[in-house]
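Letters A, B, ... are given to chains in the order of the sequence lines, protein chains preceding strands, and every chain is numbered from 1.
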There are 2 protein chains.
Amino acid sequence: MDYLAELGTLALGSRLRRLSDLFYEEVADIYAFYNFDLEPRYFGLVSYLHHHGPAGVTEAAKALHLTHPAVSVMAKALEESGWIVFEPDANDERRKLLRLSSKGQALVAELAPVWEQIRQGVDELLGDQAQQFFSTLGRIESALEDVKFSKRALRRASLASHNRCQVITWQPKYGDAFHDLNEEWVRRFFSYEEKDGALLRNPERYIREPGGEIFFALLDGVPVGTCALQKTGDSEFELIKMAVARRTQGQGIGTMLLDAALAWAEAQGAKKVTLETNGQLVGALKLYQRRGFVRAQRPGPTSYERADIYMERRL
Amino acid sequence: MDYLAELGTLALGSRLRRLSDLFYEEVADIYAFYNFDLEPRYFGLVSYLHHHGPAGVTEAAKALHLTHPAVSVMAKALEESGWIVFEPDANDERRKLLRLSSKGQALVAELAPVWEQIRQGVDELLGDQAQQFFSTLGRIESALEDVKFSKRALRRASLASHNRCQVITWQPKYGDAFHDLNEEWVRRFFSYEEKDGALLRNPERYIREPGGEIFFALLDGVPVGTCALQKTGDSEFELIKMAVARRTQGQGIGTMLLDAALAWAEAQGAKKVTLETNGQLVGALKLYQRRGFVRAQRPGPTSYERADIYMERRL
DNA sequence: TTGATTTACGTAAGCACTTACGTAAATCAA
DNA sequence: TTGATTTACGTAAGTGCTTACGTAAATCAA
């Protein structure tokens, strides 16, 4: 059986691609049968120049939904075969007009019955579903182009702005999440040490009792990120244990956590927040810089082997 | 407007190709949104291994309608990412079984909801036409694969064997065809000389009256090929002016003409048929060799500048 | 007018497939 | 069994597009 067809929707991309290849091959066979040395992929450009008249490279590329380099290369090949000629645009020296040569026009005339044959063949193939098939095709095309646009917008707006995500302070029921999110994070980049475990499993004792706080980001009520502030001085905190679940990274959740932590520190009257991180974590570094942290000389020895960058921000 | 859509049927290949690209891009966006570093094109293989269990390279390639090198390279990439593992086949040392690693299986589990999301998205896109669209897709697929097969067969069988083509001897009404077919041919490979014109325009006088004959191949009644035998000795003819219309070349028409000419010569009691040709005309050369002509020393000076090969066949 | 930006086009490199070819194991034919 | 053919797989080269980048002309902004 055809596994791709079985997969249905999910393999749509592959199926369409394969269908496209089969179709091109079919047309190539027909051309070869009649001894045309025209490749099927040139059809679009030749036909466009025939119907539209002379056109620039970019213009043709836009009409055919190709990039201009593709058309540029194609035009060179067609020019070498003598089917089109280049001529300068009188009004714009940058442009190079592509025009069917007389030989090219003769080719189009000769091809006309072959194209008609192809058209009939496909119509026969599609039968009475032809019209609906093409209308569905058109709908998918326009929809996909729209959706692509909206998807980028969605990504930019991110989950955070849709009120699906909120940051809260410590709640005992999220204790496991605090541990698990950090463990996932540590394991991904470094190796988990038991030393980490002690603090992660007793955050109330090591962080909150000395005057710090722990934060959670909840996405639809599910904890997907966490961080903590550890009191390191009279009016100073260290940001530690920042972790966001892999699947929800890049959606502004880290930023929300950091903002909440900074706001809390400020409310406590803090004058400075410090942190240690690793230069390989580019995303994190950018986040800290965006929120005003600057690299500085570490006042004392680090408590983490993996940290090679020390930053601070004055409030 | 969308010129490709306007072209409809003829640009179907390009449209399907573009649609496929758009779809892949869409899926890639979704994967990226959830921070999967899986490329959409890997979907088929991963999914196949998931549903089918361990499989060899060729086996997977067949199921996914790809070539085995494609799967081979893909597998290497997936193995490097740790999603699949290679293991030898106990029964066949040539085979290399691809199997989802535990990390790969975890990936599939994580991807399941995303795939479901994609499925829903596409179904929504297609609306109530979904079912019909997929059934049409399937029909095109199977039809194209069948047609391709039959087309090759058709090409091999060629027009000649379908009784659409017959060879006749001279008829005055085809006098123009004799000239035109040869002129087309000469102009394509060499340059037309007025010297050619004299014979081509008065074939009765120059060929038939001295004891030769002129042959035409008719395709559905239309002359698409010609050749002539010129009497060059007591029981000797020279084959001249062999020409087949460009669009119908490669379909055995030349062979039919040659066979008819040889049969005619034999009926006249000829002992030898000679010809002159040019080494660049590979197709013609092969045809002559296939019918028993061999290269030989030219007895006298050639009458054609463009001829560089002399052949003869004894009857 | 001048300097900055945009636009038209070409070249180069990358990518994901293909075809072509080579090797080694399995299978078939005698 | 032996020799020829088929099959499984890998590597290399080719292909037709893409993205990235560079150049020169056109356009815009001051």
Side-chain angles (χ1 to χ4, degrees), chain A residues 4 11 13-25 27-28 38-45 54-80 84 86-99 148, chain B residues 4 11 13-29 37-46 54-80 84 86-99 148:
Chain A
L4 280 187
S14 303
R15 283 182 84 185
L16 292 173
R17 174 69 181 261
R18 179 167 57 123
L19 216 50
S20 165
D21 290 346
L22 281 174
F23 187 79
Y24 271 124
E25 208 175 309
V27 174
L38 182 78
E39 290 176 48
R41 63 197 185 89
Y42 293 151
F43 163 76
L45 183 53
V57 171
T58 310
E59 183 186 357
K62 199 163 287 175
L64 299 171
H65 293 274
L66 291 170
T67 56
H68 80 265
V71 174
S72 179
V73 172
M74 232 182 253
K76 210 159 83 178
L78 288 173
E79 195 265 344
E80 271 168 23
I84 69 172
F86 297 149
E87 56 189 41
D89 183 323
N91 303 323
D92 189 337
E93 282 188 50
R94 295 168 307 176
R95 296 186 77 199
K96 178 157 92 174
L97 287 178
L98 314 179
R99 172 204 287 280
K148 213 168 67 182
Chain B
L4 279 188
S14 303
R15 284 182 83 184
L16 291 174
R17 173 70 181 262
R18 187 177 111 214
L19 215 51
S20 165
D21 289 346
L22 281 173
F23 187 78
Y24 271 124
E25 208 175 311
E26 197 69 11
V27 174
D29 278 358
D37 43 357
L38 182 77
E39 291 176 48
R41 65 197 185 90
Y42 293 151
F43 162 77
L45 183 53
V46 170
V57 172
T58 310
E59 184 186 355
K62 201 163 287 179
L64 300 170
H65 292 274
L66 291 170
T67 56
H68 79 265
V71 174
S72 178
V73 171
M74 233 182 250
K76 210 158 85 178
L78 288 173
E79 195 266 341
E80 270 167 25
I84 70 173
F86 297 149
E87 57 189 40
D89 184 323
N91 302 324
D92 190 338
E93 283 188 47
R94 294 169 307 175
R95 296 187 76 197
K96 179 158 90 175
L97 287 178
L98 314 178
R99 172 202 287 281
K148 212 168 66 181

Over how many whole Å does the gap from [X] atom [atom1] to [N] atom [atom2] extend?
X: A/Asp21; N: D/dT15; atom1: CG; atom2: P; value: 16 Å
X: A/Leu66; N: D/dT15; atom1: CG; atom2: P; value: 19 Å
X: A/Leu45; N: D/dG16; atom1: CG; atom2: P; value: 15 Å

Hey, does B/Arg17 reach any base, or is it just sugar-phosphate, or nothing, if we go heavy atoms under 4.0 Å?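 No contact at all - B/Arg17 keeps every heavy atom at 4.0 Å or more from the nucleic acid.
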Base, sugar-phosphate alone, or nothing: which one does A/Thr58 contact when heavy atoms must sit under 4.0 Å apart?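 Sugar-phosphate, no base atom in range.
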Drop me the distance from A/Asp21's CG to A/Arg18's CZ, to the nearest 0.5 angstrom.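 Going from CG on A/Asp21 over to CZ on A/Arg18, the span is 10.0 Å.
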Within this structure, what is the CG-CG distance for the pair B/Leu78 and B/Leu98, rounded to the nearest 0.5 Å?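 Output value for this atom pair is 8.5 Å.
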Could you walk me through whether B/Leu97 and B/Phe86 pass side-chain contact (heavy atoms from CB on, under 4.5 Å), step by step? CA-CA 6 Å; B/Leu97 287 178; B/Phe86 297 149; over 6 Å; no
Considering non-hydrogen atoms only, spot the tightest contact between [X] and [Y] and give its length.
X: A/Ser14; Y: A/Leu4; answer: CB-CD1, 4.1 Å
X: A/Arg95; Y: A/Gly56; answer: NH2-N, 3.3 Å
X: A/Leu45; Y: A/Ala60; answer: CD1-CB, 3.8 Å
X: A/Gly13; Y: B/Phe23; answer: N-CD2, 3.3 Å

Are the side chains of B/Val27 and B/Phe43 in contact, using a 4.5 Å heavy-atom criterion?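 When only atoms from C-beta onward are counted, B/Val27 and B/Phe43 do not touch, as no gap falls below 4.5 Å.
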Considering heavy-atom distances to DNA chain D, does A/Asp92 or A/Ala70 have its closest nucleotide positioned more toward the 5' end?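 Result: A/Ala70.
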On DNA chain D, compare the nucleotides closest to A/Arg41 and A/Arg94; which residue's is nearer the 5' end?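 Final value for this comparison: A/Arg41.
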Dot-bracket notation for DNA chain D, counting Watson-Crick and G-U pairs under 3.5 Å, with | for partners on another strand: ||||||||||||||||||||||||||||||
DNA chain C: 5'-proximal contact among B/Tyr24 and A/Val73 (nearest heavy atom):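 Its nucleotide being nearer the 5' end, the pick is A/Val73.
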Taking for each residue the nucleotide of DNA chain C with the nearest heavy atom, is it A/Arg95 or B/Glu39 whose nucleotide lies nearer the 5' end?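 Looking at DNA chain C, the more 5' nearest nucleotide goes with A/Arg95.
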Need two values: the first and the last nucleotide of DNA chain C, 5' to 3', having an atom under 4.0 Å from any heavy-atom of chain A.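 From 5' to 3', the first and last contacting nucleotides are C/dT7 to C/dT11.
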From the options A/Leu64, A/Leu66, A/Val57, select the one residue that forms a side chain to side chain contact (heavy atoms under 4.5 Å, CB included) with A/Met74.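 The single option meeting the side chain to side chain contact (heavy atoms under 4.5 Å, CB included) with A/Met74 is A/Leu66.
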